[in-house]
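Just so it is clear, the values below take in all heavy atoms, side chains as well, and ignore hydrogens, waters and symmetry mates. Here is how names work: the chains are called A, B, and so on, in the same order as the sequence lines, proteins then strands, and each is numbered from 1.
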Amino acid sequence: MHDNFSKLNSEQKNAVTCTDGPVMIIAGPGSGKTRVITERIAYLIQLGIPAQNILALTFTNKAAKEMKSRIHRITENANAFSIWMGTFHSIFSKILRKEAHRIKYTQYFTIYDNDDSVKIIRRIIKDLNLDKDIYNAKSVFARISFMKNNLIDSQKYNNENELIKQDLINKREEFKTIYEKYCNECHKSNAMDFDDLLIKTHELFKQNKNILEHYQSIFKYILIDEYQDTNKAQDTIIKQIGRQHQNVCIVGDDSQSIYSFRGANINNMLNFKMFYTNVKEFKLEQNYRSTKNIVNAANSLIAKNKNKIEKTIFTENKNGTKIKILKYINDREEGDQISDIISKNIVKNNTKPSKYAVLYRTNSQSKVIEDGLRKRGINYKIFGGLSFYQRKEIKDVMAYLKLIVNNNDNESLIRIINYPTRGIGPTTLDRIRKISEQEGQSIWKTLNSPLIEDINVQKKTRSRLTDFVHMMNQLLQLTDNNVFEIIEELIALTEIIHKLKEDPTDENINRVNNIGELVNSMKMFSERKNNNTLLDFINEVSLDETKDNEKTSEDYVSLMTIHQSKGLEFPHVYIVGLETGLFPSQKSIQEPKLVEEERRLFYVAITRAINEVVISHATNRFRFGTITQSEKSFFIDEINPLFIEELTYNRGTDFLHNKKQEWKKRKTPPQLKNRNLRKITTGMSHIMNLNINQKIIHNIFGEGTIKKIDNSNGNQKITVLFVKNGEKVLLTKFAKFKIIS
DNA sequence: GAACAACCTCTTTTT
DNA sequence: GAGGTTGTTC
Ligand SMILES: Nc1ncnc2c1ncn2[C@@H]1O[C@H](COP(=O)(O)OP(=O)(O)OP(=O)(O)O)[C@@H](O)[C@H]1O
């Protein structure tokens, strides 16, 4: 009855057609999990299930986009487009806008990004006169975020003895106060951070039975991709909705769990069977994506992880070529040469740029690749990173726009009250904030009221304040105009561009251009038929959902972090920067658990490839304004040497025309095998002469006392209680520390 | 009190 | 390489 079924194997078919009741698919990369989800959606619609009753969730916007286009490919049914599909955050934000009044927000609430959140927390810490080194704003925020994602609010925190103990050890007695103040500040500003989008949804459903029932009756069929990366908040909301109809289909792979830093927990997936009744479980073992060599290499890598569900992953695809390991003298050379190889292969094999992807651990690595590709005139697109909308000048303009929609947004007001500079400095601002705090109202309310007369400032400053209020009031009138008119008026009234042009440094010219681009995109936005209000615009920007300019060509080399590449596939994959300290990250190296997660990340990277994987590393890298030396990542040596070949590059020769001579095989695989095995064993038997209660000083965690020493399997682990950072498990092989007693 | 320049600090990964 | 913080000048 359905053409595409011919393209499914029998297990996949079963998973697709088993539409009633809870279904769980745990399977390896490239085994068709996403395909099963998309086919299932098409199948449900074909069965006559109204599209509005289907909820399909993903973690990233890119995954959502990918799934939409896959559905587009397999069904002509126009209905398919009215399913609820998107990231958790975007779907929940829609629900929250609609129901905001029930949880004491208005539908115009602002969404704060991480920078906004950290700034607010920094301000709170300063207001409380706390030590900014002990209360590092970023780590306090990370901790708040972690708790929110685990549904621990500031009240529940009181019962979390373990967490309280950690904070005491870290000398952060006031953590709870900050947490409370932060939540208050957001609420008073009618603003939610990313995590609030989850926990407020949870709260909404918990407190309003009828609302929950309403959404249960809408979302009769729920499908979620990459379930291994759900956190507690997300898992709980799905349970709230899903328990009614039990038609929940989850798909995931524990070996691809790479988001534990934002609270993801694979136990959510593993416990699925306990919450729902009669869970049907499907296993997909055949990889349809990659060559045998790639599958084998990936298998040999992930075998090094102790923590995993055993799975067999095999493929019937052709053998393919070995993974190439390339070594360069520095990062510039790496970027340049990788670009060169891609550029030449595009010509040589007559392939499209879109068949190539360059993947990396950190966003900052994109720079050198970008330069190389641009130099050669190759189309490329960088995903993520410091996006356009995170640039200072754009955030400044956006802050005005957010204020127009939600004038209680303190954070945005503080951002722009003196931008462009208009003589309202920190002291004045502090006074206004104090009064607002006393009155229990937003800063704007204070400014826009007779209270402005009570602020203890000089005449001059007061008139600056009233000028500002006057200007803002003019802007606020524009709320319902079209977004293009708003931005034009905003630029005219604030003189932002005018002031930047007065001092035409390169940087400022760039800023003017960027603002120009923002104006352009708002112009395009304003020409939409619907969903074209300022609130819509801000919402899309905040959730990073901005539709790409249709104008840009589709044919480009993709540059992205491995995190973003999850769920995607490319014929040719280049993984750059495989250096210990970068990948795995310096911050992970010390804790075995984190190393395992990084290893999974590498696993994800390799398994994105259809035909070819090329891995590179550089001996010198420009980081932190200085050149740092780095060694080849030990992850490379964990791949069975049978599946890789290491090559070293001779500068100044031409790769394309005379491959054999340019790329000299540095080691033949058998030699390599022995060499590496020896290396790993010597590396492992790294046992230092240490004693319990010895004091050490660590390069990152500072002073601490050794509490436990574990010499089993030659890989010495020590448990250290740090004065400032609490207890950590370190591998002495990697940890940088000195013994001080 | 505000503005600007000079220093310091920190960069994992995402919504 | 961009934020915040500190120091100096107006
Ligand atoms: N039965 C099949 N026959 C042929 N090709 C298939 C089959 N099932 C899936 N594929 C193809 O295999 C590739 C991988 O599928 P898909 O992306 O759904 O896998 P996945 O399990 O979601 O992978 P990952 O977990 O790595 O994201 C896709 O190109 C898909 O079209």
Side-chain angles (χ1 to χ4, degrees), chain A residues 57-64 86-93 111-119 122-123 125-126 132-133 136-139 142 145 148-149 192-198 226 229-231 233-234 257-264 359-365 367 383-387 390-393 395 417-431 456-458 460-461 464 503 507 539 541-545 560-566 577 581-589 594 597-598 600-602 604-605 621-626 628 700:
Chain A
L57 293 170
T58 60
F59 286 83
T60 60
N61 288 302
K62 187 133 25 60
T87 62
F88 280 83
H89 292 83
S90 104
I91 299 285
F92 293 168
S93 78
I111 298 172
Y112 283 157
D113 68 17
N114 287 357
D115 285 346
D116 299 329
S117 301
V118 169
K119 276 190 175 174
R122 187 171 291 129
R123 207 176 303 122
I125 289 167
K126 201 169 177 183
K132 67 175 168 47
D133 293 323
N136 173 286
K138 268 193 185 151
S139 39
S145 175
K148 284 186 172 180
N149 282 313
M192 299 201 196
D193 66 16
F194 285 125
D195 305 319
D196 286 332
L197 296 176
L198 306 179
E226 314 277 11
D229 286 322
T230 45
N231 57 41
Q234 292 163 326
S257 155
I258 53 176
Y259 279 103
S260 71
F261 70 90
R262 75 175 202 205
L359 308 181
Y360 33 79
R361 180 64 180 74
T362 63
N363 284 303
S364 56
Q365 290 168 257
K367 187 72 180 37
F383 293 87
L386 186 74
S387 80
Q390 284 169 286
R391 294 179 193 199
K392 184 192 173 300
E393 63 276 18
K395 284 204 76 170
I417 191 167
N418 199 29
Y419 177 84
T421 48
R422 47 173 79 87
I424 304 173
T427 317
T428 308
L429 178 58
D430 265 355
R431 289 180 184 155
N456 176 20
V457 288
Q458 289 177 326
K460 221 166 161 189
T461 315
R464 288 165 179 159
D503 177 22
E507 195 185 19
N539 202 45
V541 169
S542 301
L543 293 170
D544 199 18
E545 284 177 328
M560 65 183 87
T561 62
I562 302 165
H563 282 90
Q564 300 195 64
S565 75
K566 201 171 61 158
L582 179 62
F583 192 8
S585 152
Q586 191 61 46
K587 296 216 161 151
S588 305
I589 272 177
L594 298 180
E597 174 141 327
E598 299 257 344
R600 290 195 292 270
L601 193 60
F602 190 28
V604 168
R621 188 168 289 276
F622 198 77
R623 285 170 96 188
F624 255 119
T626 49
T628 46
I700 294 169

Item checked: Rounded interatomic separation in angstrom, taking CD1 from A:I417 and C1' from B:dA2 -> 14 Å
Notebook entry, point to check: Considering only side-chain heavy atoms of A:F622, which listed nucleotide, B:dC4, C:dG1, B:dA2, is closest?
Noted result: C:dG1
Checklist line | Value in whole Å for how far the P atom of C:dG3 lies from NZ of A:K132 | finding: 18 Å
Note to self: For A:L543, is there any backbone N or O sitting under 3.5 Å from a side-chain donor or acceptor partner on A:N61?
What the structure shows: yes
Note to self: Using side-chain heavy atoms (C-beta onward) and a distance below 4.5 Å, is A:F59 in contact with A:R262?
What the structure shows: yes
Next item on the list: Please check the phosphate of B:dA2 (OP1 and OP2 only) for any side-chain N or O of A:T421 closer than 4.0 Å.
Entry: no
Check: Can you tell me how far C1' of C:dG4 sits from NZ of A:K119, to the nearest Å?
Finding: 10 Å
Dump every N/O contact between nucleotides 7-10 of chain C and the protein below 3.5 Å, one line per pair.
none

Look for any protein N or O under 3.5 Å of an N or O in nucleotides 13-15 of chain B and output each such pair with its distance, or none.
unit_1: B:dT13; atom_1: OP1; unit_2: A:N363; atom_2: N; d: 2.9
unit_1: B:dT13; atom_1: OP1; unit_2: A:N363; atom_2: ND2; d: 3.3
unit_1: B:dT13; atom_1: O4'; unit_2: A:R361; atom_2: NH1; d: 3.2
unit_1: B:dT13; atom_1: O2; unit_2: A:R361; atom_2: NH2; d: 3.2
unit_1: B:dT13; atom_1: O2; unit_2: A:H563; atom_2: NE2; d: 3.4
unit_1: B:dT14; atom_1: OP1; unit_2: A:T561; atom_2: OG1; d: 3.0
unit_1: B:dT14; atom_1: OP1; unit_2: A:Q564; atom_2: NE2; d: 3.2
unit_1: B:dT14; atom_1: OP2; unit_2: A:N363; atom_2: ND2; d: 3.3
unit_1: B:dT14; atom_1: O2; unit_2: A:R262; atom_2: NH1; d: 3.3
unit_1: B:dT15; atom_1: O2; unit_2: A:H89; atom_2: NE2; d: 3.4
unit_1: B:dT15; atom_1: O4; unit_2: A:N114; atom_2: OD1; d: 3.2
unit_1: B:dT15; atom_1: O4; unit_2: A:N114; atom_2: ND2; d: 2.3

Check: In whole angstrom, what separates A:R422's CZ from B:dA3's P?
Finding: 10 Å
Check: So what does A:K566 touch, heavy atoms closer than 4.0 Å: a base, only the sugar-phosphate, or nothing?
Finding: nothing
Next item on the list: Give a yes or no answer on whether the side chain of A:Q564 reaches the backbone of A:K62 with a donor-acceptor pair at less than 3.5 Å.
Entry: no
Notebook entry, point to check: Can any side-chain N or O of A:D196 pair as donor or acceptor with the backbone N or O of A:D193 at less than 3.5 Å?
Noted result: yes
Note to self: Looking at A:Y360 and A:M560, would you say the former's side chain and the latter's main chain have a donor-acceptor pair under 3.5 Å?
What the structure shows: yes
Check: With no hydrogens and no angle check, is any side-chain donor or acceptor of A:R600 less than 3.5 Å from a backbone partner on A:S257?
Finding: yes
Next item on the list: Spell out, as yes or no, whether a donor-acceptor pair under 3.5 Å connects the side chain of A:H563 to the backbone of A:I258.
Entry: yes
Margin query: Please check: side-chain N/O of A:N418 versus main-chain N/O of A:I424, any donor-acceptor pairing under 3.5 Å?
Written below: yes
Next item on the list: Rounded to the nearest angstrom, tell me the gap between atom CZ in A:R123 and atom P in C:dG3.
Entry: 15 Å
Checklist line | A:R621 CZ - C:dG1 P separation (whole Å) | finding: 13 Å
Notebook entry, point to check: Passes side chain to side chain donor-acceptor pair (under 3.5 Å), A:T362 versus A:Q365? Steps please.
Noted result: CA-CA 6 Å; A:T362 63; A:Q365 290 168 257; 3.0 Å; yes
Check: Rounded to whole angstrom units, what separation is found between the CG atom of A:D503 and the P atom of B:dA3?
Finding: 15 Å
Check: Considering heavy-atom distances to DNA chain B, does A:S588 or A:I424 have its closest nucleotide positioned more toward the 5' end?
Finding: A:I424
Margin query: Distance check needed: B:dC8 P versus A:K138 NZ, whole Å only.
Written below: 19 Å
